[in-house]
There are 2 protein chains.
Amino acid sequence: MAKKIKIDADLSTGEKIKEAARKVFTQKGYAATRTRDIAEEAGINLALLNYYFRSKEKLFKEVMLEKVQQLFGALLPLMSDPSTKLESKIEGIVSTYLDMLLANPDLPLFVLSEIRGQQEQLKKVLPLEKILQNISFVKQLKERRPDIKPVHYLMNILGMTVFPFIAMPAFETMGIINKSEFEALISERKKLIPLWVNAILKAK
Amino acid sequence: MAKKIKIDADLSTGEKIKEAARKVFTQKGYAATRTRDIAEEAGINLALLNYYFRSKEKLFKEVMLEKVQQLFGALLPLMSDPSTKLESKIEGIVSTYLDMLLANPDLPLFVLSEIRGQQEQLKKVLPLEKILQNISFVKQLKERRPDIKPVHYLMNILGMTVFPFIAMPAFETMGIINKSEFEALISERKKLIPLWVNAILKAK
DNA sequence: GTCTATAACCTGATAGAC
DNA sequence: GTCTATCAGGTTATAGAC
């Protein structure tokens, strides 16, 4: 069994490069990754990277757009479904989102820290401001608590759900927690967060 | 009135450079900042930067340690005080921390994304794992809810408090929110979060 | 399509004059 | 202490052979 094979060999060259780029960019960020890192990770030559993608920046933007959609796009269908009521919607959002984050633990920190100066591209892909107005979830929050801005609950749910993944690297380098302990915590939170959000919704 | 003066002129050269470094590093991160950016921001020559600080990395580490202490250090005295009871401790933590974050909005994203590979330096300055064991706040949480790990409440409080500052740049570039709207939200949360944390502590 | 070699550029750091 | 000029090394991107 080959242990240090980096990228699946039976992918098209373009996909191998892109997969390598996904990995290196999300781990190190745009400025700190060298195209050589990506080429090596992909098991191809540096020149090929520029043959398939015109430049480092172009490759990055493709990866970035994907990641933004992965991070935000996963939320929209869950929040939009008008057939589920608020409680089960919260449960679904938290559970699905935590699963996605466990599979992509460094996605949030990557997107949120590398998003600077990507306004142009983003607005095309994710017209979030318009979506957020008429989405079923927001309406239900408004109904339940007309006295509190729905965005507050959004922040609370995302904060409780996403923040652990943002802080994990720090806690990990400080030796406070390791990966398996973290995953155990997250699986506890899968049941707890919906409970807590419910309590928050009732708080006076 | 000189509008584009970058750094107060009546500082020692070393402090001018460090102040500029604080600003540029926290905005762009280590890899993306050029020592030339810092020199220009400080209104001095590039060579002087290397005269005062031996290298880019050394300058960065000084700034980084400061910022880590600012981000985590502010919490410790608040969480340690054994004379305050749980409710008012939560109120104090949230209120003080939000004030600090409003004054340094990009501090959390900077520290949490640039902390990689700083283990050595950090453990000297912040032996957090030991502190967290015996701190008054954690004990009180354990007493109140022996059935839930205290770290969960830590994550909830920090998530609700800090996460908005992490997500703000993203929401800002998407045009969902602007700075003054954000600050208004935060000042609302100053009263709401303690309420919510209380509700969470009671949730069954 | 894929490679080697190299061009063109940028960045951190230093030498040396003042 | 502060500057100008420059070096040394590294990085992106391309030219050109296969």
Side-chain angles (χ1 to χ4, degrees), chain A residues 2 5-65 110 113-114 116-118 121, chain B residues 2 4-66 110 113-114 116-118 121:
Chain A
I5 277 184
K6 318 254 179 150
I7 298 288
D8 281 341
D10 49 341
L11 286 175
S12 74
T13 304
E15 257 313 312
K16 270 194 285 186
I17 296 171
K18 205 163 176 184
E19 184 60 26
R22 278 188 268 261
K23 181 175 173 186
V24 181
F25 275 140
T26 49
Q27 275 178 3
K28 316 215 287 184
Y30 178 79
T33 90
R34 298 166 304 160
T35 49
R36 282 166 165 81
D37 299 336
I38 298 174
E40 192 192 349
E41 179 76 30
I44 53 96
N45 189 274
L46 172 60
L48 263 188
L49 187 148
N50 286 289
Y51 173 77
Y52 278 90
F53 305 85
R54 250 176 46 90
S55 71
K56 177 187 180 185
E57 197 186 347
K58 209 164 160 300
L59 175 55
F60 175 76
K61 280 186 175 165
E62 286 194 29
V63 171
M64 184 64 178
L65 280 189
F110 169 69
S113 61
E114 297 282 327
R116 284 164 193 162
Q118 303 290 119
Q121 289 77 19
Chain B
K4 275 297 176 191
I5 277 184
K6 318 257 180 152
I7 299 288
D8 280 341
D10 49 339
L11 288 173
S12 74
T13 304
E15 258 312 313
K16 270 194 283 184
I17 295 172
K18 205 163 176 184
E19 184 60 26
R22 279 188 267 262
K23 180 175 174 186
V24 182
F25 276 139
T26 49
Q27 275 177 4
K28 316 215 286 184
Y30 177 78
T33 90
R34 298 168 305 160
T35 49
R36 283 168 168 80
D37 298 336
I38 297 173
E40 190 193 350
E41 180 75 31
I44 53 98
N45 189 273
L46 172 59
L48 262 189
L49 187 147
N50 287 289
Y51 174 78
Y52 278 90
F53 305 86
R54 249 176 49 88
S55 69
K56 177 187 179 183
E57 197 186 348
K58 209 163 160 302
L59 175 55
F60 175 76
K61 279 186 176 164
E62 286 194 29
V63 171
M64 184 66 179
L65 281 189
E66 262 187 36
F110 169 69
S113 60
E114 297 283 325
R116 282 165 195 162
Q118 303 289 121
Q121 289 77 19

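Lettering of chains follows the sequences in order, A, B, ..., and the numbering in each one begins at 1.
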Find the distance [X]:[atom1] to [N]:[atom2] and express it as a whole number of Å.
{"X": "Lys56(B)", "N": "dG9(D)", "atom1": "NZ", "atom2": "C1'", "value": "14 Å"}
{"X": "Glu57(A)", "N": "dT11(D)", "atom1": "CD", "atom2": "P", "value": "18 Å"}
{"X": "Lys58(B)", "N": "dG12(C)", "atom1": "NZ", "atom2": "P", "value": "17 Å"}
{"X": "Phe53(B)", "N": "dG12(C)", "atom1": "CZ", "atom2": "P", "value": "15 Å"}
{"X": "Asn50(A)", "N": "dG1(C)", "atom1": "CG", "atom2": "P", "value": "16 Å"}

How long is the span from the [atom1] atom in [X] to the [atom2] atom in [Y], to the nearest 0.5 Å?
{"X": "Lys16(B)", "Y": "Asp10(B)", "atom1": "NZ", "atom2": "CG", "result": "9.0 Å"}
{"X": "Glu114(A)", "Y": "Met64(A)", "atom1": "CD", "atom2": "CE", "result": "6.5 Å"}
{"X": "Leu46(B)", "Y": "Ile17(B)", "atom1": "CG", "atom2": "CD1", "result": "9.5 Å"}
{"X": "Gln27(B)", "Y": "Phe110(B)", "atom1": "CD", "atom2": "CZ", "result": "11.0 Å"}
{"X": "Ile44(B)", "Y": "Ile38(B)", "atom1": "CD1", "atom2": "CD1", "result": "9.0 Å"}

Which residue pairs pass the salt bridge (charged side-chain N to carboxylate O under 4.0 Å, His left out) test when at least one of the two sits in residues 24-33 of chain B, sequence neighbours left out? Lys28(B)-Asp37(B)

Within the sub-3.5 Å range, which N or O atoms of nucleotides 8-10 of chain C have a protein N or O partner, and how far apart are they?
none

Within less than 4.0 Å of OP1 or OP2 of dG12(C), is there a side-chain N or O belonging to Thr35(B)? yes

Are Lys18(B) and Glu15(B) ion-paired here, with the side-chain N under 4.0 Å from a carboxylate O? no

So, are Arg22(A) and Glu19(A) salt-bridged, with charged N and O less than 4.0 Å apart? yes

Provide the full list of side chain to side chain donor-acceptor pair (under 3.5 Å) pairs with a residue in residues 42-58 of chain A, sequence neighbours left out, each pair given once. Glu57(A)-Lys61(A)

How would you list, by chain and number, every residue that makes a side-chain hydrogen bond (donor to acceptor under 3.5 Å, both in side chains) with Arg116(A), sequence neighbours excluded? none

Pick out the pairs of N or O atoms, protein on one side and nucleotides 2-5 of chain D on the other, that lie under 3.5 Å.
{"unit_1": "dT2(D)", "atom_1": "OP1", "unit_2": "Thr13(B)", "atom_2": "OG1", "d": "2.9"}
{"unit_1": "dT2(D)", "atom_1": "OP2", "unit_2": "Thr13(B)", "atom_2": "OG1", "d": "3.2"}
{"unit_1": "dT2(D)", "atom_1": "OP2", "unit_2": "Tyr52(B)", "atom_2": "OH", "d": "2.6"}
{"unit_1": "dC3(D)", "atom_1": "OP2", "unit_2": "Asn45(B)", "atom_2": "N", "d": "3.2"}
{"unit_1": "dT4(D)", "atom_1": "OP2", "unit_2": "Asn45(B)", "atom_2": "ND2", "d": "2.9"}

Phe25(A) and Tyr30(A) aromatic ring geometry - parallel, tilted or perpendicular at 30°/60° bounds: parallel

Per the under-4.0 Å heavy-atom filter, residues of residues 24-33 of chain B near DNA chain D come out as none

